[in-house]
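One structure below.
Heavy atoms only: backbone and side chains are in, while hydrogens, waters and symmetry mates are out. Just so it is clear, the model here is predicted, and its values are computed rather than measured.
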Amino acid sequence: MATDYIPDEAALDNLITSKPLVVIDFTASWCGPCKLVGPLMDQLAEEYGEKITVAKLDIDANKPVAKRFGIKSIPAVLFFKQGEQIDTVIGAKPYSEFSATLEKHL
């Protein structure tokens, strides 16, 4: 189950306000560590399926969004509940860190 890319800020806003729990992977094609986190996001989507929505956002294609959320380094994984940002994990971390962060909010 591959994770979809969010095309723009309007789509992002729609997603985080329409789904109860959303995990967004802020990434870029040139970012080495991001390539490690990508498959972990797919795994999160697989494991938590119906409970959460997982998506990716290319910061090069969406610079205003990266600025809006204060993204200074990537990979950055942001967690949203009912449209509000509730958590952030920065850097290439083990899967257990992403799943533990998610578990806190389920």
Side-chain angles (χ1 to χ4, degrees):
M1 183 176 179
T3 311
D4 292 332
Y5 276 88
I6 298 169
D8 54 37
E9 192 165 7
L12 171 74
D13 288 338
N14 182 43
L15 182 66
I16 63 176
T17 54
S18 67
K19 303 287 184 187
L21 193 56
V22 182
V23 180
I24 309 283
D25 175 17
F26 284 74
T27 186
S29 58
W30 48 263
C31 165
C34 296
K35 290 176 176 57
L36 302 172
V37 170
L40 301 180
M41 292 301 106
D42 296 341
Q43 188 181 341
L44 214 56
E46 281 283 307
E47 194 174 324
Y48 292 93
E50 299 303 308
K51 296 182 191 162
I52 66 165
T53 303
V54 181
K56 295 176 184 168
L57 186 120
D58 185 322
I59 63 162
D60 289 335
N62 290 283
K63 286 185 169 60
V65 178
K67 191 172 185 172
R68 170 178 154 193
F69 290 106
I71 305 296
K72 301 268 187 279
S73 66
I74 55 173
V77 177
L78 278 59
F79 296 78
F80 295 89
K81 195 168 198 168
Q82 272 104 34
E84 296 296 315
Q85 184 180 343
I86 51 169
D87 228 321
T88 306
V89 176
I90 305 281
K93 301 284 195 261
Y95 178 75
S96 58
E97 187 155 336
F98 295 111
S99 59
T101 302
L102 180 60
E103 285 286 342
K104 285 193 309 200
H105 303 293
L106 286 175

Worksheet item: Can you tell me how far CD of E47 sits from CG of L40, rounded to the nearest 0.5 angstrom?
Response: 11.5 Å
Worksheet item: Going from CG on D60 to SG on C31, what distance comes out if it is rounded to the nearest 0.5 angstrom?
Response: 10.0 Å
Worksheet entry | Least distance between heavy atoms, S96 atom then S99 atom | O-OG, 3.2 Å
Discussion item. Quick check: do V77 and V37 have side-chain heavy atoms less than 4.5 Å from each other?
Written reply: yes
Worksheet entry | Nonpolar side-chain network containing L36, other nodes, edges under 4.5 Å | none
Practice prompt. Please list, chain by chain and in numerical order, all residues satisfying side-chain hydrogen bond (donor to acceptor under 3.5 Å, both in side chains) with E50, sequence neighbours excluded.
Written response: none
Worksheet entry | Other ILVMFWY residues reachable from I90 by side-chain steps of under 4.5 Å | none
Worksheet item: Just by distance, with hydrogens left out, do D42 and T3 show a side-chain donor and acceptor under 3.5 Å apart?
Response: yes
Discussion item. Hydrophobic clusters here meaning ILVMFWY residues chained together by side-chain heavy-atom distances under 4.5 Å, can you tell me if Y5 and W30 are in one?
Written reply: no
Counting only pairs under 3.5 Å, give me each side-chain donor-acceptor contact of residues 16-25, with atom names and distances, residues two or more places apart or in other chains.
residue, atom, partner, partner atom, Å
T17, OG1, D13, O, 2.7
T17, OG1, N14, O, 3.3
S18, OG, N14, O, 2.8
S18, OG, L15, O, 3.4

Worksheet item: Below 4.5 Å, heavy atoms only, C-beta onward: do I6 and N62 meet side chain to side chain?
Response: no
Discussion item. Holding to side-chain hydrogen bond (donor to acceptor under 3.5 Å, both in side chains), I want the full list of residues that pass it with E9, two or more places apart in sequence or in another chain.
Written reply: R68
Discussion item. If I take atom NZ from residue K104 and atom CZ from residue F79, how far apart are they, to the nearest 0.5 angstrom?
Written reply: 8.5 Å
Fill in: Flag side-chain contact, heavy atom, 4.5 Å: L102 against L44
yes
Worksheet entry | Path from V54 to L78 over hydrophobic side-chain contacts below 4.5 Å | no
Practice prompt. Would you kindly say whether Y48 and Q43 are connected by a side-chain donor-acceptor distance under 3.5 Å?
Written response: no
Worksheet, complete the sentence: Here the pair of heavy atoms bringing D58 nearest to A28 is OD1-CA, 4.3 Å
Fill in: Pairs meeting criterion ring-ring contact (aromatic ring centres under 6.0 Å, His included) with involvement of residues 80-106, two or more places apart
F69-F80
Practice prompt. Begin from the C-alpha positions of V65 and I59 and carry the test side chain to side chain contact (heavy atoms under 4.5 Å, CB included) through to its verdict.
Written response: CA-CA 7 Å; V65 178; I59 63 162; over 6 Å; no
Discussion item. In the structure I gave you, are the side-chain heavy atoms of C34 and I74 within less than 4.5 Å of one another anywhere?
Written reply: yes
Worksheet item: What is the distance from atom NZ of K67 to atom NZ of K72, rounded to the nearest 0.5 Å?
Response: 9.0 Å
